[in-house]
K.L.:
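My questions all concern the structure below.
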Number of protein chains: 2
Amino acid sequence: MTDIKESPLSRKLQVFVALSEDELGVLKRLHLRRRSFVAGRDLVHQGQSDQAVYILADGWVCSYKLQPDGTRQIVDFQIPGDFLGLRSVLLRTSDHSFEPVTDIQAAEVFADDLLEAFEKTPRLAAAILWAASRDEAMVVEHLAGVSRRAADARMAHFLLELGARLKLVGMESKKGYVCPLTQYHLADALGLRSVHVNRVLRQLRESGLLTLRDGRVTFDNYDGLVKLSGFDPAYLDQTGPLLK
Amino acid sequence: MTDIKESPLSRKLQVFVALSEDELGVLKRLHLRRRSFVAGRDLVHQGQSDQAVYILADGWVCSYKLQPDGTRQIVDFQIPGDFLGLRSVLLRTSDHSFEPVTDIQAAEVFADDLLEAFEKTPRLAAAILWAASRDEAMVVEHLAGVSRRAADARMAHFLLELGARLKLVGMESKKGYVCPLTQYHLADALGLRSVHVNRVLRQLRESGLLTLRDGRVTFDNYDGLVKLSGFDPAYLDQTGPLLK
DNA sequence: CGCGACGTTGATGTCAGTCAAGAGGGGTGG
DNA sequence: CCACCCCTCTTGACTGACATCAACGTCGCG
């Protein structure tokens with residue numbers, strides 16, 4: 001990336017805080033150590049011994065937890081601009097794994113460097129913590145969705161939420177976005193079986209609500225989706241203290 | 001409480017770190033400002049304007065999120081020794097509400113006092129952050145349970161987890177514990193309807209696994225419950241760095 | 001060409017929701 | 001003291017959403 005202002009992370013943060021040249025400089029230095037990982041091979045991130053965080057620059061990742069019975073629950077997806085393992089620095093984290101959904105590029109940041117950056121630029125720290133707390137809120141919303149919404153509404157809500165997140169980093173066009181997730185990923189995230197994911201997607205397509213084909217989500221009837229799913233982006237939009 | 005060592009919070013923390021007299025003193029000072037709340041009336045805790053945290057001393061609380069359709073999802077329960085609103089100090093928190101399940105007693109702590117205590121006694125801070133990260137892990141586990149476990153296993157897992165938590169603060173006896181939750185609370189937490197909670201409880205009772213009657217959980221066959229639910233307390237037992 | 005990953009579809013089963021009714025207990029007001 | 005209500009718990013009959021089982025299609029790749 002030639003200009004740090006165009007990196008997904010700073011695009012996201014700048015929606016909420018105008019960053020100074022100084023802060024952008026610190027952000028840029030955090031991006032120096034670039035690494036790649038291939039799709040499917042777990043990024044083992046064992047909170048303790050490995051004191052590093054990654055800033056995802058390109059590609060998608062999922063964080064999941066394996067169940068005793070062999071099924072897995074995908075807790076969240078990470079898209080460009082998201083942190084991997086941030087909580088394991090702030091808090092001692094729980095034991096979930098990261099799997100790159102696609103080949104990815106990420107910047108590796110050592111915990112000490114991150115904490116030093118936080119001290120030097122408190123506004124940047126606040127912005128990053130804001131993003132982290134938004135991730136928290138998404139996990140809670142995810143729980144509520146799996147617990148309380150029917151399969152079609154759950155799917156619609158999930159894809160709308162992803163769209164809203166991608167919009168922040170400039171990866172959503174007018175009415176849809178590129179989405180590399182397989183139906184298995186969707187199933188593992190939404191608490192469904194892949195066969196049923198398939199049926200739900202067909203039903204949504206035939207109702208003229210949305211189309212997911214060839215790795216691309218198209219919203220055919222955005223308002224209809226919002227209505228079906230009860231999507232309310234309030235929990236993503238937490239503006240407020242950071243604007244001051 | 002006459003001796004701070006006997007407070008639920010310090011009992012919990014001392015399972016993992018031996019606290020010095022100094023640290024116990026700091027902990028004691030955090031407990032000075034005592035407040036009571038009655039069952040059922042929400043503790044509005046609006047992260048921003050109200051910069052306080054509570055340490056629950058007596059009684060049970062649930063934290064929940066209201067859905068657009070009127071149903072609610074209980075995200076977690078708090079028992080004595082747990083913090084209310086800790087995350088809203090560490091991170092800017094998401095918007096869920098707290099409802100006391102019973103009449104409660106809690107110590108009010110101002111954010112500044114807490115942060116000062118953290119600076120003075122880093123080991124105490126580490127212990128409290130450990131507890132917070134355990135809460136994180138429980139939300140993830142909760143998501144996995146609602147998403148992947150059948151109703152009976154979900155119920156069993158939930159009640160086993162509560163038992164393990166209560167044990168840390170000395171509120172679990174050999175084979176059960178006092179549990180003030182109604183079947184509506186259980187339904188709102190587990191993603192079931194209260195009628196079905198009732199049926200599941202009957203089934204567990206008739207299988208000789210557990211009994212929930214008159215506000216008391218009795219484990220009639222602990223090993224059977226563990227087997228049914230796949231309960232693995234690993235995510236609660238995070239020992240490790242704090243022992244050093 | 002064969003294999004594995006992903007997607008699609010149908011038939012059938014079952015777990016949990018819905019609807020409905022009632023019982024016990026505690027609180028409140030007449 | 002009784003009458004009434006509300007909250008919680010209980011049970012039964014029926015329904016339906018999602019799972020299960022089983023095939024088959026398609027595409028990319030070694």
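Quick note on labels: first sequence line is chain A, next is B, and so on, each numbered from 1.
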K.L.:
Would you kindly compare A/Arg148 and A/Arg205 by the position of their nearest DNA chain C nucleotide and give the one closer to the 5′ end?
P.N.:
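Upstream on the strand: A/Arg205.
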
K.L.:
Write down the distance between CZ (A/Arg149) and P (D/dA17), rounded to a whole number of angstrom.
P.N.:
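Nearest whole value for this atom pair: 18 Å.
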
K.L.:
Answer yes or no: does a side-chain N or O of A/Asn198 lie under 4.0 Å from OP1 or OP2 of C/dT8?
P.N.:
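For A/Asn198, the contact criterion (side-chain N or O under 4.0 Å from OP1 or OP2 of C/dT8) is met.
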
K.L.:
Would you give the length of the straight line joining atom CG of B/Asp220 to atom CG of B/Leu204, rounded to the nearest 0.5 angstrom?
P.N.:
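The CG atom of B/Leu204 is 10.0 Å from CG of B/Asp220, to the nearest 0.5 Å.
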
K.L.:
For B/Trp60, is there any backbone N or O sitting under 3.5 Å from a side-chain donor or acceptor partner on B/Thr102?
P.N.:
yes

K.L.:
Nearest whole Å is fine: how far is C/dG25 C1' from B/Arg213 CZ?
P.N.:
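Rounding to the nearest Å, CZ of B/Arg213 and C1' of C/dG25 are 15 Å apart.
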
K.L.:
Starting at CG of A/Leu201 and ending at P of C/dT9, how long is that distance when rounded to a whole Å?
P.N.:
11 Å

K.L.:
If I take atom CG in residue B/Asp152 and atom P in nucleotide C/dC15, what distance separates them, rounded to the nearest angstrom?
P.N.:
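For the pair B/Asp152 CG and C/dC15 P, the rounded distance is 9 Å.
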
K.L.:
Which whole-number value in Å describes the distance from B/Arg216 CZ to D/dT8 C1'?
P.N.:
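Those two atoms, CZ and C1', are 20 Å apart.
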
K.L.:
Give one of base, sugar-phosphate or nothing for B/Gly191, where a contact means two heavy atoms less than 4.0 Å apart.
P.N.:
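The residue B/Gly191 makes sugar-phosphate contact but no base contact.
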
K.L.:
Report the C-alpha separation of A/Tyr64 and A/Phe98 in whole Å, then their side-chain angles, then the decisive distance to 0.1 Å, and conclude whether the ring pair (Phe, Tyr, Trp, His ring centres under 6.0 Å) test is met.
P.N.:
CA-CA 6 Å; A/Tyr64 67 92; A/Phe98 292 100; 8.6 Å; no

K.L.:
Expressed as a whole number of angstroms, how long is the span from A/His196:NE2 to D/dA17:P?
P.N.:
9 Å

K.L.:
Quickly work out the B/Gln203 CD to C/dA16 C1' distance and round it to whole Å.
P.N.:
12 Å

K.L.:
For the atom pair CE (B/Met155) and CZ (B/Arg149), what is the distance rounded to the nearest 0.5 Å?
P.N.:
13.0 Å

K.L.:
Within the structure shown, what part of the strands sits under 4.0 Å from B/Arg199 by heavy-atom distance: base, sugar-phosphate, or nothing?
P.N.:
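Here B/Arg199 touches the bases of the nucleic acid.
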
K.L.:
Is any N or O donor-acceptor pair between the side chain of B/Arg193 and the base of D/dT10 shorter than 3.5 Å?
P.N.:
no

K.L.:
A/Gln73 and B/Ser147: side-chain hydrogen bond (donor to acceptor under 3.5 Å, both in side chains), yes or no, with the steps?
P.N.:
CA-CA 8 Å; A/Gln73 178 61 43; B/Ser147 178; 2.5 Å; yes

K.L.:
Rounded to whole Å, how long is the line connecting atom CG of A/Leu181 with atom P of C/dC6?
P.N.:
12 Å

K.L.:
Which part of the nucleic acid, if any, lies within contact of A/Val195, taking any heavy atom under 4.0 Å across all strands shown: a base, the sugar-phosphate backbone alone, or nothing?
P.N.:
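If one applies the 4.0 Å heavy-atom cut-off, A/Val195 turns out to touch a base.
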
K.L.:
Check whether any side-chain nitrogen or oxygen of B/Gln183 sits under 4.0 Å from OP1 or OP2 of D/dC7, and answer yes or no.
P.N.:
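It does not, given that no N or O in the side chain of B/Gln183 lies less than 4.0 Å from OP1 or OP2 of D/dC7.
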
K.L.:
Checking contacts here: which listed nucleotide (C/dA16, D/dC9, D/dG12) is nearest the side-chain heavy atoms of B/Thr182?
P.N.:
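Of the candidates, D/dC9 comes closest.
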
